[in-house]
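Data block below; observations after.
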Amino acid sequence: MLTKKEIRYCLDEIARMFPDAQCELNHRNPFELLIAVVLSAQCTDVLVNKVTKTLFEKYKTPEDYLNVPLEELQQDIRSIGLWRNKSKNIQKLCKMLIEKYDGEVPADRDLLMELPGVGRKTANVVASVAFNIPAIAVDTHVERVSKRLGICRWKDSVLQVEETLMKKVPKEEWGITHHRLIFFGRYHCKAQNPNCLECPLLSLCREGKKRTKGLERSNETK
DNA sequence: AACTCGGGGCA
DNA sequence: TGCCCAGAGTT
């Protein structure tokens, strides 16, 4: 397990690797952020950005999403997977926002999680990014990176990863830490064939050391 | 804990 | 072609 100081070093190095790790999501208002994150489940950020670009020109408010038939909304997001569920969830979600929260996005993680299509990860992203509520969203990237580096244990659950990160990272940096780890996981510490040999964190990384040893051996046997 | 949803991207 | 992807909901 890495110490706080080692984690500090990792996060600083990652910040240097991705100086513009400001997700586009940061620039949106809470409502658009919520829609974007709901859409992003199980598909890549690039694909979602392609859809939201035109989507947000057409739909500005929860009412806008309810003023079109479901079939029309489905067509508008059809290029991403799970569009059947997602379009239904978005209309239900908008209805709930109007009926329960006067059309506003609630600034509360538990209330967010009651919305259809919003789970723990989405609620944490919206809460921390849009409302500056202390929370760390753990997605597959954050989980994988944390486990490989040795920030947490391999067998830890998502909740345990979340707890560990909150314990070992200063509260003011929770939001940006989430984004940095995602960028690092998406573009460098990839799920398949991570390029450990060109990784600035190799000297600290539990999994990286294991993998590079394997590489040396396989090169020798060639 | 395991299963399902799902089209696009990429090797 | 086959495999994977910013998860969530159900069983």
Side-chain angles (χ1 to χ4, degrees), chain A residues 14 17-18 20-28 30-56 70-97 105-106 109-131 133 135-148 153-162 165 174-195:
Chain A
I14 293 173
M17 294 173 74
F18 302 100
D20 53 348
Q22 296 267 33
C23 221
E24 296 88 340
L25 300 180
N26 274 334
H27 306 303
R28 302 202 237 266
F31 179 60
E32 291 190 349
L33 173 65
L34 177 61
I35 299 292
V37 183
V38 167
L39 289 175
S40 74
Q42 284 302 96
C43 76
T44 59
D45 52 347
V46 179
L47 200 52
V48 173
N49 288 337
K50 231 182 265 181
V51 173
T52 52
K53 197 176 174 189
T54 54
L55 196 70
F56 291 161
L70 179 61
E71 292 73 22
E72 186 174 337
L73 179 56
Q74 287 181 332
Q75 287 304 319
D76 289 335
I77 66 168
R78 197 175 189 131
S79 56
I80 67 176
L82 306 175
W83 51 271
R84 272 176 263 260
N85 290 337
K86 287 175 181 174
S87 51
K88 277 184 208 164
N89 280 340
I90 286 177
Q91 285 202 328
K92 274 196 272 182
L93 178 154
C94 288
K95 202 176 170 198
M96 279 183 69
L97 290 185
V105 179
R109 291 196 324 169
D110 295 328
L111 294 182
L112 284 167
M113 281 181 63
E114 290 175 10
L115 299 171
V118 179
R120 189 172 187 84
K121 181 251 168 180
T122 303
N124 278 348
V125 172
V126 175
S128 61
V129 175
F131 300 116
I133 295 173
I136 292 188
V138 177
D139 60 15
T140 53
H141 292 315
V142 176
E143 184 178 355
R144 181 181 68 254
V145 168
S146 300
K147 290 183 177 180
R148 277 184 181 164
R153 284 180 278 269
W154 270 109
K155 56 179 180 180
D156 281 355
S157 66
V158 175
L159 248 68
Q160 287 172 312
V161 178
E162 197 179 313
L165 282 171
W174 285 358
I176 188 66
T177 295
H178 157 241
H179 276 121
R180 283 181 180 151
L181 289 179
I182 283 188
F183 262 72
F184 181 61
R186 172 95 169 86
Y187 297 106
H188 188 91
C189 193
K190 301 176 185 176
Q192 290 88 29
N193 303 320
N195 190 356

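Predicted, not measured: the structure shown is a model, and the values here were computed from it. Protein chains get the first letters and strands the later ones, always in sequence-line order, with residue 1 at the start of each.
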Query raised in the report: Taking OP1 and OP2 of B:dG6, is either one under 4.0 Å from a side-chain nitrogen or oxygen of A:Asn85?
Result: yes
Report task. Give the minimum heavy-atom separation between A:Ala127 and A:Leu112, together with the two atoms involved. Result -> N-CD1, 4.1 Å
Report task. Between C:dG9 and B:dG8, how far apart are the P atoms? Round to whole Å, please. Result -> 24 Å
Report summary line: Whichever of A:Leu82 and A:Lys50 has the more 5' nearest nucleotide on DNA chain B, that residue is A:Leu82
Requested in this report: Would you mind checking if A:Lys155 and A:Glu143 are paired as a salt bridge, meaning a charged N to carboxylate O distance below 4.0 Å?
Outcome: no
Requested in this report: Return the 5'-most residue of the pair A:Gly117, A:Ser40 with respect to DNA chain C, ranking by each residue's nearest nucleotide.
Outcome: A:Ser40
Requested in this report: Could you check which of C:dC4, C:dA6, C:dA8 has an atom nearest any side-chain atom of A:Thr122?
Outcome: C:dA8
Requested in this report: In whole angstrom, give the distance that lies between atom CH2 of A:Trp83 and atom C1' of C:dG7.
Outcome: 19 Å
**Report entry** Gap in Å between the two C1' atoms, one belonging to B:dA2 and one to C:dA6, rounded
**Finding:** 22 Å
Query raised in the report: Between C:dA8 atom P and A:Glu114 atom CD, what is the distance in whole Å?
Result: 15 Å
Query raised in the report: Counting any heavy atom closer than 4.0 Å, what does A:Gly81 reach on the DNA or RNA strands: base, sugar-phosphate only, or nothing?
Result: base
Report summary line: Checking B:dG6, C:dG7, B:dG8 against the side chain of A:Cys43 (C-beta onward), the nearest is B:dG6
Query raised in the report: So does A:Lys95 have more than 12 non-hydrogen atoms from other groups sitting under 6.0 Å from NZ?
Result: no
Query raised in the report: NE2 of A:His141 versus C1' of C:dG7: gap in Å, rounded?
Result: 12 Å
Report summary line: Taken to the nearest whole Å, CG/A:Leu47 to P/B:dC10 is 10 Å
Query raised in the report: Is the distance from OP1 or OP2 of C:dG7 to the nearest side-chain N or O of A:Thr140 less than 4.0 Å?
Result: yes
Query raised in the report: Using a cut-off of 4.0 Å on non-hydrogen atoms, how would the nucleic acid contact of A:Ala191 be classed: base, sugar-phosphate, or nothing?
Result: sugar-phosphate
Report task. Between B:dT4 and C:dC3, how far apart are the P atoms? Round to whole Å, please. Result -> 16 Å
Report task. May I ask you to say whether A:Asp156 pairs ionically with A:Lys147, meaning some side-chain N is under 4.0 Å from a carboxylate O? Result -> no
Query - Heavy-atom donor-acceptor pair, A:Gln75 side chain to A:Glu72 backbone, under 3.5 Å - result: no
Report task. Find the distance A:Tyr187:OH to B:dC10:C1' and express it as a whole number of Å. Result -> 14 Å
Query - A:Gln192 vs C:dC5: side-chain N/O to OP1/OP2 distance below 4.0 Å - result: yes
Query raised in the report: Of A:Asp139 and A:Leu115, whose closest DNA chain C nucleotide lies nearer the 5' terminus?
Result: A:Asp139
Query raised in the report: Whole-Å distance between C:dC5 C1' and A:Ile182 CD1?
Result: 13 Å
Report task. Sticking with atom P, work out how far B:dG6 lies from C:dT1, rounded to a whole angstrom. Result -> 23 Å
Query raised in the report: Just how far, in rounded Å, is C1' of C:dT10 from NZ of A:Lys88?
Result: 14 Å
**Report entry** Derivation and outcome, side chain to side chain contact (heavy atoms under 4.5 Å, CB included), residues A:Val126 and A:Arg109
**Finding:** CA-CA 8 Å; A:Val126 175; A:Arg109 291 196 324 169; over 6 Å; no
Query raised in the report: Using a cut-off of 4.0 Å on non-hydrogen atoms, how would the nucleic acid contact of A:Val118 be classed: base, sugar-phosphate, or nothing?
Result: sugar-phosphate
Report task. Write down the distance between CD (A:Gln75) and C1' (B:dG7), rounded to a whole number of angstrom. Result -> 13 Å
Query raised in the report: Within less than 4.0 Å of OP1 or OP2 of C:dC5, is there a side-chain N or O belonging to A:Arg186?
Result: no
**Report entry** OP1 or OP2 of B:dG7 under 4.0 Å from side-chain N/O of A:Arg78
**Finding:** no
